[in-house]
Amino acid sequence: MERTIISKSYEPKQVERKWYEYWEKNELFCAKGRSDKDPFCIVIPPPNVTGSLHMGHALNNTLQDIICRFKRMKGCNVLWQPGTDHAGIATQNVVEKDLASKGTDRHAIGRERFTELVWDWRTKYGGVIINQLKRLGCSCDWHRERFTMDEGLSRAVREVFVRLYEEGLIYKGDYIINWCPRCHTALADLEVEHEETESYLYYIRYLFESRDGHLTVATTRPETLLGDTAVAVNPEDKRYNGLSGKHVLLPLLDKVIPVILDRYVDTQFGTGALKITPAHDPNDFAIGNTHKLDRIKVIDENGRMNELAGPYKSMDRFECREKILGDLRQAGLLVKTEPYLHAAGYCYRCKTIIEPLLSKQWFVRAGQLAKEASQAVRDGKTRISPSNWEGVYFEWMDNIKDWCISRQIWWGHRIPVWYCEECEEVHAVKEDPVVCKSCGSTRILQETDVLDTWFSSALWPFSTLGWPDSTDELETFYPTSVLITGFDILFFWVARMMMMGIHFMGDIPFKDVYIHALVRDAEGKKMSKSRGNVIDPLEVMDEFGTDAFRFTLAALAAQGRDVKLSEERILGYRHFVNKIWNAARFVLMNLEDGVNTVSENRYYTLSDRWILTRLGQVSMDAAQAIEDYRFNEAAGLCYQFVWHEFCDWYLEMAKHSLYGKDRARKESSRATIQDVLMAVLKLLHPFMPFVTEEIWQKLPGTEDSIMIAAFPERSDFSEDKGALKEMELLMGIISGIRNIRGEMNIPPSKKLSILIDVADKEGSDILNRNLQHIRVLAGVAEVSVATGVSKPEASATAVFAQNQVHVLLKGLLDFEEERKRLRKEIKKVEKDIESSNKKLLNSDFMEKAPAEIIAKVKDKVETLSLKLEKLNQSFRLIETIDD
RNA sequence: AGGCGGAUAGCUCAGCGGGAGAGCAUCGGCCUUACAAGCCGGGGGUCACGGGUUCAAAUCCCGUUCCGCCUACCA
C-alpha cells in the first residue's frame with residue numbers, strides 16, 4: 001500500500017468503490033458453514049426485486065451492517081444472509097406496464113410467455129438494489145445470495161404447502177375477500193390501505209311487502225342493494241318493535257327480502273336499519289352466515305355489474321351507482337343525501353378502491369400457529385425490542401384471522417394443487433404429477449392461483465439456509481441471532497416467520513427482533529413516491545459520502561423514535577469524517593520520516609496514559625451499546641471521544657513530544673499516536689467502513705483489512721485512574737485560562753503571564769510536570785506555580801477545584817470587565833450552593849435519600865464553597881479599583 | 001372508535017427519578033504548518049399546560065390541549 005501524506009480533505013468517491021471491491025475479492029464477507037468461532041447470523045429483510053434503495057432500506061441495512069462488522073471484529077463467524085423477494089404484485093405490475101406501453105397485455109401473450117418475460121426482467125433489473133446495498137457498504141455474504149423464487153426456495157415453499165395441507169392447516173373456502181379490480185387479485189386485509197374519503201351517505205326507502213309503510217336504510221354504496229338479501233335492525237331498537245318476520249321490497253327490483261334482527265346493528269348510526277349484502281361486504285357476510293342468507297354477487301372481478309344486476313348489467317360499479325341513484329330519485333325512494341367522511345379501502349399497490357367480493361380462496365388456518373408463536377415471545381425465547389412492540393405483537397397474534405394466501409396473478413409460486421377433471425380429486429403434491437393419483441386420468445389441471453408473496457418470505461430464515469435439506473448452515477446458524485426490521489412489516493413478515501419457523505424447524509427463527517424506527521420527512525410523514533417527499537439515499541451518498549450518511553443514520557436511530565432526516569445533520573457528520581481524515585493526516589505526517597513503531601521501552605506521557613485509559617472505557621461502552629441496539633448512543637460516544645478527547649486534547653498534547661528534541665520520546669510518541677489512531681479506526685469501522693479502511697491501509701504495518709482486525713477491548717488498554725485525575729486538573733486549569741482569554745477578548749497572539757496558586761504539593765507536581773502543555777494550549781509565555789501566593793492586583797482569576805489561576809494583565813485589564821466576569825461566576829456558584837444547601841437542610845432528604853447521594857451533595861457544597869470563597873477574594877481585591 | 005408515540009435552546013433531536021445536553025444556527029476572538037469542513041470562548045431553555053406521587057420529577061401517575069402513526073366491521 002502507498003504510504004504518502006494524504007490530501008487535505010477526504011474524497012469519498014474515489015475510495016468507496018476501491019475498498020468494496022477489495023473486500024469482495026478477498027472474500028471478507030464470507031461465512032463458514034462450520035467453524036469453531038461463535039456463530040452470528042442475520043437474514044436480510046429481502047428487498048423487492050423491483051426495489052430501489054430508499055431511506056428505509058438505508059437505515060435498516062446500515063444497522064445490520066454495523067452489527068455484522070462489529071461481530072466479525074469481535075471474532076464471530078458472521079453470516080449476513082442476503083437475497084431478494086420476488087414481490088408478486090409489484091413485479092407483475094412493472095412488467096404489465098411495460099407490455100401496455102407496447103400495446104399488448106398479459107392475456108394476449110399467455111401465462112407461460114408472461115412469466116418468461118418477468119424472469120427476463122428480473123435477470124436484467126433484479127440486481128439494481130443489490131448494487132445499491134453494496135454502495136452502502138453492506139457486508140453480506142453475496143456468494144449465498146438467494147431469491148424467493150429460486151429453485152431451492154421454491155422447493156421449500158412446496159414442502160411447506162404440502163405439509164400444511166396434509167395437516168389440515170391449509171384449506172380452500174368461500175370467503176369475502178378484498179378484491180382489487182385493477183390488479184385482478186385478492187388482497188390480504190393487511191394489503192388494504194384505509195384512507196379517509198369524502199363520500200355520501202344515501203338514505204333509501206325500502207317499502208314493506210304489504211306496502212303499508214317503509215324502512216329507511218342508510219348506505220354509502222347504493223349499487224350493492226341489488227345484492228341485498230335482508231334488512232337488519234337491532235332487536236333492542238324500540239323504533240322497530242314487532243318487525244320480526246316482516247318482509248320488505250328491494251327497491252327497483254321489487255324483490256321480497258326479510259327483515260332480520262341482529263345485535264350487530266348500531267342503533268345510533270343512520271336510521272338504525274342496515275341493508276345486508278353478504279356477497280359484497282365483510283360484515284354483511286358474517287351476518288348472512290348467522291342468518292343463513294343467500295349471497296348474491298352482483299359485481300364481477302372487473303368491478304362491473306353482472307347478469308344478476310338485471311337492468312344494470314355490465315355497467316361499471318360507480319356508473320351504476322349514479323344510475324341507481326337517479327332511478328331511486330325518480331321512484332321517490334331516495335329520502336336524502338348527506339356528505340359523509342369514511343375510511344375506504346384502497347389497494348396498497350395501485351390505489352384502486354377495493355371491492356369486497358365473495359370468492360373461493362386458499363387459507364392458512366392461523367389459530368394454533370399463532371398461539372405457539374405468541375407463546376415463544378411470552379416465554380422470552382424470542383425477545384422483541386423495544387419491548388413495547390411485544391404488546392403490539394401479542395395483540396395481533398391473539399386476534400389473528402386465517403391468512404388468505406391465494407393471489408390471482410401469474411408471477412409467484414403457483415399453488416401445487418392439481419384437480420382431476422374425471423374423478424374430481426384434489427391433490428397437493430411436491431412434484432408435478434402426470435396422472436391423477438386416484439383414478440390415473442391424465443386430465444389433471446393445476447390450480448391457477450399463486451401464493452401470497454409473504455408465504456415464501458415467511459420461510460426465509462430457514463429456506464435460505466438450505467431447508468428442507470439438513471445442511472451445515474442450518475446446524476450452525478439456526479436460530480439466527482437477530483432480525484432487524486421496521487415495524488411496518490411486523491405482521492406481514494415477522495409474525496409469519498415466527499409461525500413457520502416454530503412449526504417447521506421446531507424452534508424460533510431468531511433470538512432477538514430489533515424493531516427500528518421509520519425514516520420520515522420533515523413533517524414526520526412516511527416518505528413515499530406518491531407523496532413526492534422522498535430523499536434519495538443515493539444522492540445523499542453522492543453528496544456527503546457513504547460514511548457520513550451511515551453515521552448520521554446510526555446517530556439518529558434512537559430506539560422507538562422515528563428518524564426525521566435533515567441535510568444539516570448529515571453535513572455535520574461529513575465534517576466529522578473529515579476531522580478523522582485530518583487526524584490521520586497528522587499522524588501520517590509525523591510517521592513519515594523514519595521510524596514507525598517502537599514496541600519496547602515505550603515512554604508513556606500523561607496524555608498517553610490518559611487517552612489509553614479512555615480508549616478502554618469508550619470501547620467497552622460503545623461495544624455494549626451496539627450489543628443492546630443503542631446505535632445512537634454508540635455513535636454519540638464515538639463522536640464525542642474522537643473529536644473532543646482524541647483530537648482536541650490528545651493530539652494537541654502529543655505535539656509536545658513529537659516536535660520536541662528528545663529523540664526517544666519523539667519515537668515513542670510516534671508509535672503511540674499510531675496505536676491510538678488504529679484503535680480509533682477500529683472503533684469507528686462498523687459505522688464508517690470506507691474511510692477507516694482507507695486510512696488503515698495507509699498506516700505502516702497494516703497489510704490486512706481493518707475488517708479482520710480485533711475490535712478494541714477494555715483489556716487492551718491499561719486503566720490508569722491517576723492519569724484521569726491528573727488530566728482533569730490540567731484540563732481544568734487550561735480551560736480556566738482560555739475562558740479568561742475568551743471573555744476578555746485577548747487574541748491568541750498575545751501570550752499571557754500567569755500565576756497558579758495551587759492547593760497542594762500533588763497538584764503542584766502535576767502542573768510543574770506539564771508546564772509546556774499549559775504554555776502551548778493556553779497561550780501562556782510565563783508561568784509560575786506556588787502555594788499560598790496572593791493575587792496580583794491587575795489580574796483576572798479562574799478557580800478550578802481548590803486551585804486558582806491568576807492571569808496577569810498589567811495595563812491590559814479592564815477592571816470593569818473582570819468584575820462583571822467574576823460576578824457572573826459568583827452568581828452561578830452561589831445558585832448551585834443554594835440549591836444543594838436546601839437539600840441538606842431538608843430533614844426528609846437527610847433521612848430518606850440514599851447515603852451516597854447525600855455524600856455527593858455534601859461534597860459538592862464543600863467544593864463549591866471553597867471556590868466561592870476564592871472568587872469572592874478575587875472580586876474584593878479589584879472591587880474598588882478604577883481604570 | 002381504539003391503541004401507540006411525541007411536545008426539552010432559534011432549528012433537528014438526545015436524556016426518561018438525584019448537577020438541563022448535543023449537532024446546526026447565533027455572537028466574540030483567531031489563517032496557532034492535521035483540519036477555516038478548522039481552533040478557542042460566550043449567549044440562549046418556568047423541559048406543552050394543570051394536578052398528583054416522592055425527601056427529590058424534564059424523567060413516574062392522572063387529566064387537558066396540540067401533533068404524528070398504527071389498528072378497526074359503524075353501514
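Labels below follow one simple rule: chain letters A, B, ... track the order of the sequence lines, proteins then strands, and each chain is numbered from 1.
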**Asked** Say you pick atom C1' in B/A56 and the same atom in B/G19; how far apart are they, in whole Å?
**Response** 13 Å
**Asked** OP1, OP2 of B/C39 versus side-chain N and O of A/K579: anything below 4.0 Å?
**Response** yes
**Asked** Should B/C16 form a Watson-Crick or G-U wobble pair with both distances under 3.5 Å, which nucleotide is its partner?
**Response** none
**Below 4.0 Å: OP1/OP2 of B/U32 and any side-chain N or O of A/K655** = no
**Request:** Ignoring backbone atoms, establish whether A/H644 has a side-chain N or O less than 4.0 Å from OP1 or OP2 of B/G21.
**Result:** no
**Message:** Assess whether a salt bridge exists between A/K831 and A/E834, defined as any Lys/Arg side-chain N lying under 4.0 Å from an Asp/Glu carboxylate O.
**Reply:** no
**Item:** Spacing of the C1' atoms in B/C31 and B/A20 (rounded, Å)
**Value:** 36 Å
**side-chain N/O A/H575 vs B/G38 OP1/OP2, d < 4.0 Å** = yes
**Prompt:** Between A/D228 and A/Y206, does any side-chain donor sit less than 3.5 Å from a side-chain acceptor?
**Reply:** yes
**Message:** Counting only side-chain nitrogens and oxygens, does A/Y393 get under 4.0 Å of the OP1 or OP2 atom of B/C70?
**Reply:** no
**Message:** Tell me which nucleotide, if any, is Watson-Crick or G-U wobble paired with B/A9 when both distances must be under 3.5 Å.
**Reply:** none
**Request:** Under a 3.5 Å limit for both distances, which nucleotide forms a Watson-Crick or G-U wobble pair with B/C4, could you say?
**Result:** B/G68
**Message:** With a sphere of 6.0 Å drawn around CZ of A/F845, does it hold more than 12 non-hydrogen atoms of other residues, nucleotides or ligands?
**Reply:** yes
**Request:** Select base, sugar-phosphate, or nothing to describe what A/W389 touches, counting heavy atoms under 4.0 Å on all strands.
**Result:** nothing
**Prompt:** Within the pair A/W581 and B/G38, is there a side-chain N or O less than 4.0 Å away from OP1 or OP2?
**Reply:** no
**Complete:** In Watson-Crick or G-U wobble terms, with both distances under 3.5 Å, the base opposite B/U59 is none
**Asked** What interatomic distance, in whole Å, is found between P of B/A72 and the corresponding atom of B/U65?
**Response** 26 Å
**Prompt:** Which part of the nucleic acid, if any, lies within contact of A/P282, taking any heavy atom under 4.0 Å across all strands shown: a base, the sugar-phosphate backbone alone, or nothing?
**Reply:** nothing
**Item:** Spacing of the C1' atoms in B/A25 and B/G44 (rounded, Å)
**Value:** 12 Å
**Asked** Within less than 4.0 Å of OP1 or OP2 of B/A36, is there a side-chain N or O belonging to A/K8?
**Response** yes
**Asked** What is the nucleic acid contact for A/K828, judged by heavy atoms within less than 4.0 Å: base, sugar-phosphate only, or nothing?
**Response** nothing
**Asked** What class does the angle between the rings of A/F586 and A/Y659 fall in, given that below 30° is parallel, 30 to 60° is tilted and above 60° is perpendicular?
**Response** perpendicular
